[in-house]
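As structure tokens, the structure follows; a few thoughts come after it.
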Amino acid sequence: MAQKIGVYFDQSALGVIDGEELAAHVGKKFGDACPVAKVFPVLAAESARAEIRADIEEEELDGVMLCGASPRVDWDLYNFEGVLVDRVNLREHCAMAFKDADGSVPEAGDDAPELLMLMAKDYVNMGVFKMQKTKTPTPPEFETVKTILVIGGGWAGLTAAKQAADYGHDVILVEKEAALGGKAVGMLKTAPLEYPYTDAHETGIEKKIADVTGNDKIKVITNARLEKLEGLPGQYKATIKGEEFPVGAVVLAAGWVPQNPKVLGPMGYGSVPNVVTAAEFEKMVKEGTLSAKRVAFVLNTGLVDGGDIYAPACAEEAPAEEAKKEEGEDAPKYVHKDLESVRHLPISNAVSSVVALKQANYVCDTFEDGQAFILYDSMVVQGIHERYYKAAQNRLGIMMSKAEIKGIAADGDEIIVSAGNTLMGGDIEIAVDMVVLPTGIVPATAKDPIMNFVYRQGPNFPDLELFEGYADSNYICFPYETRRTGVYAAGCVRQPMMLDAAEEDAIGATLKAIQCIESANRGVAVHPRSGDLSYPVFNFVRCTQCKRCTEECPFGALDDDEKGTPLPNFSRCRRCGTCMGACPERVISFDNYNIDQIGTMIREVYVPDNMETGGPRVIILACENDAYPALDMAAIRGKKWSPYVRIIPVRCLGSVNAIWVADAMSKGIDGVMLLGCKYGDDYQCHFVKGSEICNRRKDNIAETLNRLGVEPDRVDQYEVAIDEYDKVPDMIEEFMNMIFEKGPNPFKGY
């Protein structure tokens, strides 16, 4: 913990705030604890940083607190070795955002309003006390295994194995089938992967297989599965065919399985002859058995999407009576734990569209007088594949049209496809020899627990139903990441994609696996808190073994020992603090982020005894990932908010412990605003479930406040995405209006 702190102010960032007054305040309030308090014209100047380094040596400082711009700005400039360094945001969250109680905004040359100076002093006080409650983390020594395990010997898996070997890592490649190659082996051609990107060509899968099987650094195990994976990143133990292998990280490239075509029943599959799936059509052409000269490729599956169908690809159907008993009268016809539904069809549309182009060309390649009709609701052609799409548009024999499919029915030896709202106008009927329907791409992880983790939270990735089984933890910010640190997904197990995208994916996932091993070796976290040396510390003497921390950890970082006590696996941890927020006994902390630290900051906010004369006080606990930068951006763009709020960044709303709310209420704080990422089906939480967990805890907090006679809505949670900065001031104003309407906290003055 910092005992002698140097406090430095950046006058260029303070606006009308008087830096000298703040420096004098520090000296008066903290005395010998802060022997140095200085104001620099520009803190980022090399001369200022040189003076700070001199102060560290002369005054034997063990902490440096920099008061000025947001810690998100110039973060790489202030590296003072051997001391704790922290930032206090007096620019974006104070000077820039300030508007007085009457709504006025000070201009350059004005004296700082009283409320602005009170705000600045609060932030400085909170910053000093935070540093006094902060230790320098010392991670445990940890020697990592460099070997990378690749699961899946298809296109993505082969790419990942070769990539890892090229970077000097030993590789173990596990393939469940007898031969390598995966789905690519069954393809006649691939959509173009090379210039000029207008013609399909051979996949080149044979060369990939040869590159892997001929590499001395790659051990290939076929006809095998990962039987179990135990341990933690850097020191995993993988059991394959009864033999145990030490590995450091995993690239999951297990691929996909076709969706049960039963879902295509409303489109004639199974009842109309020669209605096939794209996967079946590809096999037919590869084997040279295609006889249909006129083929309709139907991408518009509206007849299916409009139904209420849940069809399991890998499990028996539950009788409708059982479904109704479990789900109510409106239950779907089929029920399956993996919820494999018709939604896999639109999820796969970007792949289905390009596959339809390729297979339409097959028809024209096979028959001189062949005709192919592509009927779609939306044609999704990404990136360089636009050239392939335009080439198909210009090819005689291929016709494409937006269409609403009315029906698909047999008429003798032909099939009649009825469509409306086409580009030709009106309703049309097309007589064809065959209809090809898209194949839904279902990730292999939806079928069974491929990873077989020996984790307390179970053998598979949790909550896969959120993304229909795809092994990904945050599509927006962290591709390749899964809910299990050290395991990185690539290819169609992550999301539907073509071979070119799968190649890029495999390379990216491999680099993440290597980065994870190196991070574990240095004892630091992987992103989103990349480089964080801290990890949760447990006071097991007070632990009641309630299991909340082990159950709520989004990443399965905690197991149980033989007594049922939490067993940390530090390199699985991503340092979100959800375990800390979950613990009712407050026995979990981080050296640089803990219950006492944030509680002390809250208690150091000045709260006037009289709300009418001094105004209310509101604490905003802001998630550092989306909410905090959104506040920064709002201020930079000229947005203002109440002078009565004080913002405290938290790692994640999942780390918010109920005691912080209790501290605020007992202090006389009039309201607590929890500002974090979106949760639910469209979640954007960097730690997956933090905001959702916080929302659940808020219900428990409400019960406690009710018993104390405090209105529960004095504590409320708001959702904000990082690009919704313009909405944040309105959220604050809405909350403040509610506080003014309610009046003072009943505990104010006690």
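We number each residue from 1, following the sequence as shown. We use all heavy atoms of the structure for the numbers below, so side chains are in, but hydrogens, waters and symmetry mates are not. In this text the structure is predicted, and so the values were computed from the model without any measurement.
- Taking the ring pair (Phe, Tyr, Trp, His ring centres under 6.0 Å) definition, one finds that Tyr8 meets it with Phe40, sequence neighbours left out.
- Screening residues 79-95 for side chain to side chain donor-acceptor pair (under 3.5 Å), with sequence neighbours left out, gives Asp86-Lys130, Asn89-Tyr628, Asn89-Asp632, His93-Asp632.
- Minimum heavy-atom separation, Val645 to Met736: CG1-SD, 3.7 Å.
- The number of heavy atoms from other shown groups lying within 6.0 Å of CG (Asn610) is above 12.
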task = Go through the steps to decide whether Val618 and Ile732 satisfy the test side-chain contact (heavy atoms from CB on, under 4.5 Å), and finish with yes or no.
result = CA-CA 10 Å; Val618 165; Ile732 296 174; over 6 Å; no

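- Arg484 has its side chain within reach of Pro462: a pair of non-hydrogen atoms, C-beta onward, lies under 4.5 Å apart.
- Contact of the Ser589 side chain with the Pro536 side chain is not registered, since no non-hydrogen atoms from C-beta on lie closer than 4.5 Å.
- Side-chain rings of Phe30 and Phe129 approach one another, their centers coming within less than 6.0 Å.
- Here the straight-line distance linking atom CG of Asn657 with atom SG of Cys579 works out to 10.5 Å at 0.5 Å rounding.
- Ion pair Lys4/Asp62 not flagged as a salt bridge, since none of the NZ, NE, NH1 or NH2 atoms sits closer than 4.0 Å to an Asp/Glu carboxylate oxygen.
- The closest side-chain heavy-atom distance from Leu533 to Thr138 is not below 4.5 Å.
- Between Lys133 and Asp596 there is a salt bridge, since at least one side-chain N of the basic residue sits less than 4.0 Å from a carboxylate O of the acidic one.
- Although no hydrogens or angles enter the test, the distance criterion places a donor-acceptor pair under 3.5 Å between the side chain of Asn125 and the main chain of Lys121.
- Ion pairing between a basic and an acidic side chain is recognised when a charged N comes within 4.0 Å of a carboxylate O; Lys639 and Asp726 show no such pairing.
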ask   = Can Cys652 and Cys685 be said to form a side-chain contact (heavy atoms from CB on, under 4.5 Å), step by step?
value = CA-CA 8 Å; Cys652 174; Cys685 176; 4.0 Å; yes

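- Phe735 contributes atom CZ, which lies 8.0 Å from atom CG of Leu674 (distance to the nearest 0.5 angstrom).
- A 6.0 Å sphere centred on NZ of Lys742 holds more than 12 heavy atoms belonging to other residues, nucleotides or ligands.
- A cation-pi contact links Arg637 to Tyr725, judged by a cut-off of 6.0 Å to the six-membered ring centre and 45° from its axis.
- Taking all atoms of both residues into account, the shortest heavy-atom contact from His686 to Asn625 is ND1-CB, 3.4 Å.
- The two residues Trp641 and Ala635 have their closest heavy-atom pair at CH2-CB, 4.1 Å.
- A distance-only check finds no donor-acceptor pair linking the side chain of Asp10 to the backbone of Gly68 [under 3.5 Å].
- For Asn745 (side chain) and Ile669 (main-chain N/O), a donor-acceptor pair under 3.5 Å exists by modelled atom type.
- Smallest separation of non-hydrogen atoms from Thr134 and Leu84: O-CD1, 3.3 Å.
- For Glu724 and Lys678, the salt-bridge test passes: some basic side-chain N is under 4.0 Å from an acidic carboxylate O.
- Within a 6.0 Å radius of CD in Gln545, other residues, nucleotides and ligands contribute more than 12 heavy atoms.
- Judged by distance alone, with hydrogens and angles left aside, the side-chain atoms of Lys640 form a donor-acceptor pair with the main-chain N or O of Met96 at under 3.5 Å.
- Taking all atoms of both residues into account, the shortest heavy-atom contact from Thr482 to Ala471 is CG2-O, 3.5 Å.
- Proximity of Ile619 to Met673: side-chain heavy atoms (C-beta onward) are nowhere separated by under 4.5 Å.
- The closest side-chain heavy-atom distance from Thr565 to Asp560 is not below 4.5 Å.
- The CG atom of Leu61 sits 10.5 Å away from atom CZ of Phe80, with the distance rounded to the nearest 0.5 Å.
- Judged by distance alone, with hydrogens and angles left aside, the side-chain atoms of Arg617 form a donor-acceptor pair with the main-chain N or O of Tyr606 at under 3.5 Å.
- Atom CZ of residue Phe142 and atom CZ of residue Arg522 lie 13.5 Å apart, to the nearest 0.5 angstrom.
- A salt bridge is absent between Lys689 and Glu552: the closest approach of a Lys/Arg side-chain nitrogen to an acidic carboxylate oxygen does not fall below 4.0 angstrom.
- Under the ring pair (Phe, Tyr, Trp, His ring centres under 6.0 Å) criterion, Phe98 pairs with no residue at all, not counting sequence neighbours.
- Partners of Gln515 under the side-chain contact (heavy atoms from CB on, under 4.5 Å) rule, at least two apart in sequence or in another chain, are Lys512, Ser519, His527.
- With respect to the salt-bridge test (charged N to carboxylate O, under 4.0 angstrom), the residues Lys38 and Asp55 qualify.
- Remark: Glu711 engages Arg714 in a salt bridge, criterion side-chain N to carboxylate O under 4.0 Å.
- Among residues two or more places apart in sequence or in another chain, the ring pair (Phe, Tyr, Trp, His ring centres under 6.0 Å) test is passed with Phe540 by Phe538.
- With hydrogens and angles ignored, the 3.5 Å screen pairs a side-chain donor or acceptor of Lys667 with a backbone N or O of Val605.
- The existence of a salt bridge linking Glu21 and Lys28 is excluded, since no basic side-chain nitrogen approaches an acidic carboxylate oxygen closer than 4.0 Å.
- The side-chain contact (heavy atoms from CB on, under 4.5 Å) check on Ala23 picks up Phe9, Ala37, Val39, with sequence neighbours excluded.
- Considering every non-hydrogen atom in both Leu14 and Ala95, the closest pair reads O-CB, 3.5 Å.
- A 6.0 Å sphere centred on CZ of Arg456 holds more than 12 heavy atoms belonging to other residues, nucleotides or ligands.
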Steps toward side-chain contact (heavy atoms from CB on, under 4.5 Å) verdict (Met580, Tyr593) = CA-CA 10 Å; Met580 186 176 82; Tyr593 181 63; 3.4 Å; yes

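- Side chains of Arg707 and Thr704 form a contact here, defined as non-hydrogen atoms less than 4.5 Å apart.
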message = As a quick check of understanding, evaluate side-chain contact (heavy atoms from CB on, under 4.5 Å) for Lys135 and Asn592, giving each step before the final call.
response = CA-CA 5 Å; Lys135 296 179 182 178; Asn592 57 2; over 6 Å; no

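- With Tyr455 as the aromatic partner, Arg572 meets the cation-pi criteria of under 6.0 angstrom to the ring centre and within 45 degrees of the ring axis.
- Geometric assessment of Arg494 against the ring of Tyr470 yields a negative cation-pi assignment under the 6.0 Å and 45° thresholds.
- A distance of 13.5 Å separates CD1 of Ile659 from CD1 of Ile598, quoted to the nearest 0.5 Å.
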message = The test is salt bridge (Lys or Arg N to Asp or Glu O under 4.0 Å); show your working for Asp663 and Arg603 and say whether it passes.
response = CA-CA 7 Å; Asp663 287 339; Arg603 292 190 293 272; 3.2 Å; yes

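- Atom-to-atom distance recorded for Ile17:CD1 and Cys67:SG is 10.0 Å, nearest 0.5 angstrom.
- In this structure, Ser691 and Leu653 have side chains that are in contact, with non-hydrogen atoms separated by less than 4.5 Å.
- Side-chain contact between Val124 and Met65 is present, with heavy atoms from C-beta onward closer than 4.5 Å.
- Of the possible polar contacts, one joining the Arg697 side chain to the Val656 backbone as a donor-acceptor pair under 3.5 Å is found.
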ask   = Could you walk me through whether Asp609 and Lys748 pass the salt bridge (Lys or Arg N to Asp or Glu O under 4.0 Å) check?
value = CA-CA 6 Å; Asp609 291 336; Lys748 192 181 291 292; over 6 Å; no

